[in-house]
Amino acid sequence: MQIDRLTVLPQVDSTSNWVKQQPEPGVIACLAERQTAGRGRRGRSWSSPPGSGIVLSVRWPLHAASEALGLLSLQVGLAVREALAQVTALPVQLKWPNDLMLDGKKLGGILVELQSGGRSFAGQSVATTAIIGIGVNVNWPDDEPMPQPLADCRDADPPATRNALVAAMLTELNATLERFGTDPSCSIVSRWWQHDMLAGQQVVVQQNDREFTGRAAGIAGDGGFVLDTVDGIKTFYSSEVSIRVAA
Ligand code: BTN
């Protein structure tokens with residue numbers, strides 16, 4: 001599949017809302033200079049000073065079995081990481097489940113939402129449509145306060161343009177999503193481990209009001225986060241938890 005329409009907007013509430021609202025079938029992508037109500041994971045907002053980053057959403061009708069859908073956002077993370085590393089040559093890593101990290105700070109994030117139904121451009125019905133939202137800090141202005149310590153792509157050598165980054169992301173995403181239909185797990189466990197910022201580290205997993213400490217042992221074949229604790233292996237799933245490196 002290829003992207004059927006790419007729209008660049010000066011301003012929108014959220015590129016993910018915008019692609020959801022488009023009536024025609026097929027793969028629709030949207031970039032914006034500014035979002036007025038950008039959304040992050042777990043009900044958080046996503047802020048990006050106008051023109052300083054990439055805010056991109058892709059609506060993709062999926063031909064994949066429902067039990068594979070838990071792997072989708074991780075495969076998207078690997079694709080976006082690959083695109084960033086290719087263009088910037090920076091050592092970009094992943095923090096489970098959906099953070100793009102540089103030098104231990106957040107460089108970007110991914111929000112994948114699923115809708116039932118949808119149609120490919122050729123009119124073929126699908127069971128699920130993925131709304132893939134990607135936010136990356138490219139050149140955070142020096143005079144703009146950061147909501148938390150963040151990384152951007154300013155140290156890329158040669159400097160990375162947003163156009164080059166978006167082109168690489170769309171190419172990698174296209175390849176990943178094409179493959180996802182037939183091979184959703186595609187060596188995910190080993191590829192994740194290679195780029196996992198937490199791999200082998202002592203971490204604290206917070207699940208509601210409980211905390212678990214252990215060694216981060218990568219991901220399971222179904223995409224869960226694996227923690228090696230004194231009481232044995234525990235696996236966590238994304239909506240439930242947050243993870244930090246132990247002090
Ligand atoms: C996160 O780290 O919490 C995920 C952030 C995802 C932000 C992107 S920016 C483009 C798209 N539009 C949105 O409203 N959110 C996603």
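Note that ligands are numbered from 1 as they come in the structure, with each ligand's atoms numbered from 1 the same way.
For Gln35, a nitrogen or oxygen atom sits less than 3.5 Å from a nitrogen or oxygen atom of ligand 1, counting backbone and side chain alike.
Residue Leu56 has at least one heavy-atom neighbour below 4.0 Å for each of these atoms of ligand 1: 10 (C). Atoms of ligand 1 lying under 4.0 Å from any heavy atom of Ile110, numbered from 1 in the order shown and given with element: 4 (C). Counting atoms of ligand 1 from 1 in the listed order, those under 4.0 Å from a heavy atom of Ser14 are 12 (N), 13 (C), 14 (O). Heavy-atom contacts of Arg41 reach the following atoms of ligand 1: 1 (C), 3 (O), 4 (C) (cutoff under 4.0 Å). Counting atoms of ligand 1 from 1 in the listed order, those under 4.0 Å from a heavy atom of Val55 are 9 (S), 10 (C). Close approach of ligand 1 to Gly38 is summarised as follows: ligand atoms under 4.0 Å from at least one heavy atom of the residue are 14 (O). Taking every non-hydrogen atom of Gly40 and a distance limit under 4.0 Å, the qualifying atoms of ligand 1 come out as 1 (C), 3 (O), 4 (C), 5 (C). Listed by atom number, the atoms of ligand 1 under 4.0 Å from Gly133 heavy atoms are 8 (C), 11 (C), 16 (C).
Shortest non-hydrogen contact noted between Val241 and Arg42 is O-CZ, 3.7 Å. Nearest heavy-atom pair across Pro141 and Pro49 is CD-CG, 3.7 Å. The minimum heavy-atom distance between Phe225 and Ala216, with the atom names listed, is CZ-CB, 3.7 Å.
What sits closest to atom 10 (C) of ligand 1 on the protein, heavy atoms only, is Thr15 OG1, 3.3 Å. The single protein non-hydrogen atom nearest to atom 15 (N) of ligand 1 is Arg39 O, 2.7 Å, given as residue, atom name and distance. Closest protein heavy atom to atom 5 (C) of ligand 1: Trp46 CE3, 3.4 Å. At the shortest separation from atom 2 (O) of ligand 1 among protein heavy atoms lies Lys106 NZ, 2.5 Å.
The closest side-chain donor-acceptor pair between Gln35 and Gln11, if any, does not fall under 3.5 angstrom. Using a 3.5 Å distance cut-off with no hydrogens or angles, the side chains of Asn139 and Arg162 do not pair a donor with an acceptor. No side-chain N or O of Arg34 forms a donor-acceptor pair with one of Thr36 less than 3.5 Å apart. Side-chain atoms of Gln115 and Arg59 include no donor-acceptor pair closer than 3.5 Å.
When heavy-atom distances to ligand 1 are checked against a 4.0 Å cut-off, Ser16 comes that close through both its backbone and its side chain. At a 4.0 Å heavy-atom cut-off, ligand 1 touches Ile134 through the backbone alone.
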Check against side chain to side chain donor-acceptor pair (under 3.5 Å), Arg244 and Ser242: CA-CA 7 Å; Arg244 62 177 195 275; Ser242 64; over 6 Å; no
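At a threshold of 4.5 Å between non-hydrogen side-chain atoms, the residues Pro97 and Arg41 count as touching.
Counting only distance, with no hydrogens or angles, the side chain of Asp183 and the backbone of Cys186 share a donor-acceptor pair below 3.5 Å.
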